[in-house]
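Following: one structure in structure tokens, then a few remarks.
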There are 2 protein chains.
Amino acid sequence: MATMTDVAKAAGVSRATASYALRGDPRISPATANKVRRAAASLNYTTNLSARSLRSGRSGVIGVAIFELDKPYPSEMSAAISREAARHGLETIVQQTSNSKEREISILRKVTSQLCDGTIFSPGNVSPEEITALYGGKPMILLDDISDDPLFDCVFTPCEAGAEAAIRHLYEVGCRNIGVLGVDYRILLDDSQATSVSGRRLAGALKAFDDLNINVDERNFVHTLWDMEHARATMHRLVDSGRMFDGLFCLTDTVALGALRGLADRGVRVPDDMAVIGFDGINEGEYSIPSLTTIETDLDDLAKKAIELLSFRLDVANGDVPEGTDLSTRRLTADFRLIERESTRR
Amino acid sequence: MATMTDVAKAAGVSRATASYALRGDPRISPATANKVRRAAASLNYTTNLSARSLRSGRSGVIGVAIFELDKPYPSEMSAAISREAARHGLETIVQQTSNSKEREISILRKVTSQLCDGTIFSPGNVSPEEITALYGGKPMILLDDISDDPLFDCVFTPCEAGAEAAIRHLYEVGCRNIGVLGVDYRILLDDSQATSVSGRRLAGALKAFDDLNINVDERNFVHTLWDMEHARATMHRLVDSGRMFDGLFCLTDTVALGALRGLADRGVRVPDDMAVIGFDGINEGEYSIPSLTTIETDLDDLAKKAIELLSFRLDVANGDVPEGTDLSTRRLTADFRLIERESTRR
DNA sequence: TTGAAAGCGCTAACAT
DNA sequence: ATGTTAGCGCTTTCAA
């Protein structure tokens, strides 16, 4: 592998000049710059990222750390962030935390805070306070931070407004006995859960019930883990117990797809017997039978906002920001839209 | 951030001793090693990966580069590799090539060959010869390399055997007029495509047709892009054109799920009118309506084989391998199994 | 068993 | 406009 020294030698200039030239520093004359670029190209030169990063503290790489790579929503989100970062000239590396605190810590300490100029992190088991001890002072953007003390910039999914829209939609298509699947009603009693994704989606749903004068009690809220298998089994139990709703708001699309399958297993027709709406907008929902009405989180918007926040912090870290710029943490919320499909069409 | 120097100072030893101690070198006395470890812990010390990597050429991080992060199959595969790597004490970073040659090159040059000790790469548009020029001499394992000249170790998906099993299964459930969806029959004419994933799945299907004495011609092979949208539209056109099969082998599960939806749109009942089988074994296939019979690639086995090959090359690079070990490139094939579900149950 | 010292490849302050 | 030089944090000979 050719080094900067090789390039400098081939171009007949000093290492410093070669370095400046390759990074487009205006101090280098166009003629020299060209000479250097040609030399670099002919030697198939690439800057050694470790060396650059060690010396300058910058690598041009950002990290994304999410729960699971093999679930539709987080993987679509990572892909969107990765695309948006590329538009800003940033390489993205993705890691899965596997929902384990140990893995989160390991990723934060070993990779993210070391190789990456900044990180977009979906915290699961690690508190912002703990992150502070691990992140090495590098820019960090949180996804759906649940702490109320904003230590880091954060992008939120549109939980409240989205959940509210979901319930309203079910109401508009005629549902009056609406169930909510995927949340334990008791989290309302736990303050620390109130700002979690479940908590905020539940809050949005409750607000809609209230506005629409629909009476609900804990029996309208059915707990299940957020995967297809549990959602399916939960619907089996629900139907077998004789409890029925005419509309069902599932806290995620994955839950909704599992529920659809569980209802089909028991001969409950969707949307005729029960209208079903999900949340997230994963690709699969468009092709399920019936296709899934959902609250789609605008992942391109979410990615844009996350990268915008991160870019700003990167600029701050590089000193590329005018004196007196407001540096206080910011919290943005991604857009959403209701996508009406067959599962609520009636 | 605490450095090695800080740790050494706090422990009252030299930097070298501290370095040895932290990496468990037996030359350091247990007492000293303990002292150093305590100092490191209290300072919340982490080795600087850039520095380690620059000096020793090793980082403990491996790279995975795949087509798309937001498609079920590649993302499940990345997750499996990531899990398996963790079992070997390796951190994994994942990047998406977005099926673009430019991105593949950029990833290989900028990140993978720099930060990573080795790479597991699913090549799309870049030839093994081109990889050679880019990969910086670091260990590289290919996934489904299509070149016949094995420059790199490779793990294959079980295309031929899997496709053969798929056709046989359709035959066993009574299908005699079997279509294959997702492959252009003309690729048989193009030698360079013969060893591609499509080419090998097609070859397996043809072998089964031959063994079973089923006559097929080009009309049995229907081309479509490998996504749900195109598969669905293709099925619409097929049904509308009056062409029908009693069994359909879809080259991927994504294609199969799109086909299922397209058939439902046209009132074709699965499995009664047409039995459908996919290939890959993505999670969604278990919950679709009807659930999808498929040839499941054993991703844990694939991951195990890929990491095994990579670990071996890593050991070779570190000189941890006895004199005279066979260093020739190896090519392994992942296991598969037939999962019978509703889409062929009749 | 431990320490001193060199240097991986690069960037940036300083000098020319 | 270009060159000289120091040093980022670590590992690894070599010497003690």
Side-chain angles (χ1 to χ4, degrees), chain A residues 1-37 39-40 43-61 109-110 113-115 117 136-138 317-320, chain B residues 1-36 39-40 43-61 109-110 113-115 117 136-138 317-319:
Chain A
M1 278 278 114
T3 71
M4 192 90 260
T5 310
D6 300 326
V7 174
K9 211 173 289 172
V13 297
S14 74
R15 264 167 46 215
T17 302
S19 174
Y20 287 133
L22 289 178
R23 282 174 298 139
D25 192 297
R27 284 179 294 180
I28 305 299
S29 74
T32 312
N34 254 316
K35 212 164 49 181
V36 173
R37 271 193 293 268
L43 290 169
N44 212 346
Y45 169 81
T46 326
T47 37
N48 180 313
L49 262 189
S50 298
R52 164 177 291 175
S53 168
L54 177 59
R55 174 61 230 230
S56 70
R58 261 171 270 167
S59 62
V61 176
R109 286 179 57 132
K110 283 205 215 143
S113 68
Q114 305 254 358
L115 305 175
D117 294 348
K138 300 246 185 113
N318 293 340
D320 293 345
Chain B
M1 279 280 114
T3 71
M4 192 93 260
T5 310
D6 300 327
V7 174
K9 210 172 288 173
V13 298
S14 74
R15 263 163 51 209
T17 302
S19 174
Y20 286 132
L22 288 178
R23 280 173 301 139
D25 192 296
R27 283 180 294 182
I28 305 298
S29 73
T32 312
N34 254 318
K35 212 166 50 179
V36 173
L43 290 170
N44 211 344
Y45 169 79
T46 326
T47 35
N48 180 314
L49 262 189
S50 297
R52 164 178 291 175
S53 168
L54 177 60
R55 175 60 231 236
S56 70
R58 260 170 274 167
S59 63
V61 176
R109 287 179 55 133
K110 283 203 215 147
S113 66
Q114 306 254 357
L115 305 175
D117 293 349
K138 301 250 183 107
N318 293 340

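Every chain is numbered from 1, with letters handed out A, B, ... down the list of sequences.
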From [atom1] of [X] over to [atom2] of [N], roughly how many Å is that when rounded to an integer?
X      : N      : atom1 : atom2 : result
A:L49  : D:dG9  : CG    : C1'   : 17 Å
B:M4   : C:dG3  : CE    : C1'   : 14 Å
A:R23  : C:dT11 : CZ    : P     : 4 Å
B:K9   : D:dG9  : NZ    : C1'   : 13 Å
A:Y45  : C:dT11 : OH    : C1'   : 10 Å
B:N318 : D:dT11 : CG    : P     : 13 Å

Next on the checklist: Show every salt bridge (charged side-chain N to carboxylate O under 4.0 Å, His left out) that has at least one partner inside residues 45-61 of chain B, sequence neighbours left out.
Outcome noted: none

Checklist outcome for this item: Contacts satisfying salt bridge (charged side-chain N to carboxylate O under 4.0 Å, His left out) that involve residues 20-35 of chain A (not counting sequence neighbours) are A:D25-A:R27

Can you list the residues that meet the side-chain hydrogen bond (donor to acceptor under 3.5 Å, both in side chains) rule with [X], with sequence neighbours excluded?
X     : result
A:N34 : none
B:T47 : none
A:S14 : A:T17

Checklist entry - Counting distance only, does the side-chain N/O of A:S59 pair as donor-acceptor with the main-chain N or O of A:L115 below 3.5 Å? => result yes

Checklist entry - At under 4.0 Å between heavy atoms, what does A:T47 touch on the DNA or RNA strands: base, sugar-phosphate, or nothing? => result sugar-phosphate

Checklist entry - How does protein contact run along nucleotides 1-8 of chain D, one letter per nucleotide 5' to 3', with B for base contact, S for sugar-phosphate only, - for none, heavy atoms under 4.0 Å? => result SBBB-BBB

